[in-house]
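Quick one: structure below, then a few questions.
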Amino acid sequence: MKATATYLKVSGDQIRRFQRCVLTFYKQHGRMLPWRSTMDSYKILVSEVMLQQTQVSRVIPYYIRWVETWPTVQALARASRPEVLRAWLGLGYNSRAVRLQQASRVITHDFGGDVLAAMQDYQKVPGVGRYTAQAVLIFATNADLVTVDTNIRRILLASFGLPASTADRDLWDLALRCLPKGRSREWHNALMDYGALQVTARRTNIPPKTRQSKFEGSSRQLRAQVLRVLLDAPRTTQTLQQMLCCDEEALSEVLLRMCQEGILTCDGARFVVASD
DNA sequence: TTCCCGCCCT
DNA sequence: AGGGCTGGAA
């Protein structure tokens, strides 16, 4: 017998009311999104990685282009890293692109191309955490599983009047109690729309667990500029500094970190986008 | 200013 | 457990 988590005072009646509310909203306001019309687990994985910390509206054109360019996990595994980074340019968090491609290679070579098997063993897959693995399994197979992202967390806290300090374990348990069995795909799509369009962070005043630092003048801004320049041609540190008019020390740190993340390599004196 | 369907490394 | 990571929109 497993240890049970702290019991949350949520009744069966409250849960049924909540389900009706979410599903009714979905019937009236549900969005038709490109990755919702496929059961291809590879394409769903692409969408989930793109959607990590990135708005739906920005992901849509990138997703469509991506699955046209690389329609299968094997095709992505054969792509070059500069190609992949170019296709990702502007979407943000560029190391996600590197990890998604590494993931495609792990899935192709270690899991025989079986995305779902890889999701069940997600710790071996770069860029895929618990949230993403569960989401892919849910949307591809409609299995009776749950997943809790910042969106679903906010919905549960707001709908049941729970404190922001509620433990993850309790939220996942509650999410499972709320799941209408046999309708996991529809349910999770409904939750996403309910959270994005109705129970927003701004309206509920429930902040996400992790906040981000300012972008303007940050090293993130510098990283983006560096990547754009180096996708065009290899450059030395000195040239980069002149082109970008940036602080030399900040540039050095950014270059080092981008090399560690596998985005760049140092080709003697010049930095290049890593070839693989 | 704050948030957006998190994950990785230290 | 805590900070870093993209860029745009509200």
Distance-only donor-acceptor pairs under 3.5 Å for side chains of residues 247-255 of chain A, two or more places apart:
unit_1, atom_1, unit_2, atom_2, d
D247(A), OD2, E249(A), N, 3.3
D247(A), OD2, A250(A), N, 3.0
S252(A), OG, E248(A), O, 3.0

P spacing across the pair dC5(B) / dA10(C), given as an integer number of angstrom
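Going atom to atom, P in each nucleotide, I get 13 Å.
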
Taking 4.0 Å as the cut-off, does a side-chain nitrogen or oxygen of R228(A) come that near to OP1 or OP2 on dG7(C)?
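Checking dG7(C) against R228(A), a side-chain N or O does come within under 4.0 Å of OP1 or OP2.
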
Could you tell me how far dC4(B) sits from dA1(C) if I compare only their C1' atoms? Round to whole Å.
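Between the two C1' atoms, the distance is 23 Å.
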
When all nucleic acid strands are considered with a 4.0 Å heavy-atom cut-off, which category describes L91(A): base, sugar-phosphate, or nothing?
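Base contact.
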
Each nucleotide of nucleotides 3-10 of chain B classed B (base within 4.0 Å of a protein heavy atom), S (only sugar-phosphate) or -, in 5' to 3' order, makes SBBBSS--

Please state how far atom CD1 in I263(A) lies from atom P in dG4(C), giving the value in whole angstrom units.
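One finds 16 Å between P of dG4(C) and CD1 of I263(A), rounded.
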
Applying ring pair (Phe, Tyr, Trp, His ring centres under 6.0 Å), which residue pairs with at least one partner in residues 67-88 of chain A are found, sequence neighbours left out?
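Counting only pairs at least two positions apart or across chains, the ring pair (Phe, Tyr, Trp, His ring centres under 6.0 Å) contacts touching residues 67-88 of chain A are W66(A)-W70(A), W66(A)-W88(A).
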
Selection residues 15-40 of chain A - residue pairs positive for ring pair (Phe, Tyr, Trp, His ring centres under 6.0 Å), sequence neighbours left out
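Listed by first then second residue: F18(A)-F160(A), F18(A)-W187(A), F25(A)-H29(A), F25(A)-Y194(A), W35(A)-Y63(A).
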
I need the CG-P distance between D168(A) and dA1(C), as an integer number of Å.
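So the CG-P distance, D168(A) to dA1(C), works out to 12 Å.
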
Residue whose nearest DNA chain C nucleotide is more 5′ - S57(A) or N94(A)
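The 5'-side residue here is N94(A).
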
Take atom CD of Q225(A) and atom P of dC5(C), then tell me their distance rounded to the nearest Å.
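Checked: the CD to P distance equals 13 Å.
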
Out of curiosity, N94(A) CG to R99(A) CZ, how far, rounded to the nearest 0.5 Å?
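Going from CG on N94(A) over to CZ on R99(A), the span is 11.0 Å.
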
Classify the nucleic acid contact of R153(A) as base, sugar-phosphate or nothing, counting any heavy atom under 4.0 Å across all strands shown.
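Touches nothing.
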
Is V106(A) isolated, or which residues cluster with it under the ILVMFWY side-chain rule of less than 4.5 Å, directly or via members?
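Other cluster members: F111(A).
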
Which pairs with one or both residues in residues 153-163 of chain A pass side chain to side chain donor-acceptor pair (under 3.5 Å), sequence neighbours excluded?
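Non-adjacent pairs meeting side chain to side chain donor-acceptor pair (under 3.5 Å): N151(A)-R154(A).
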
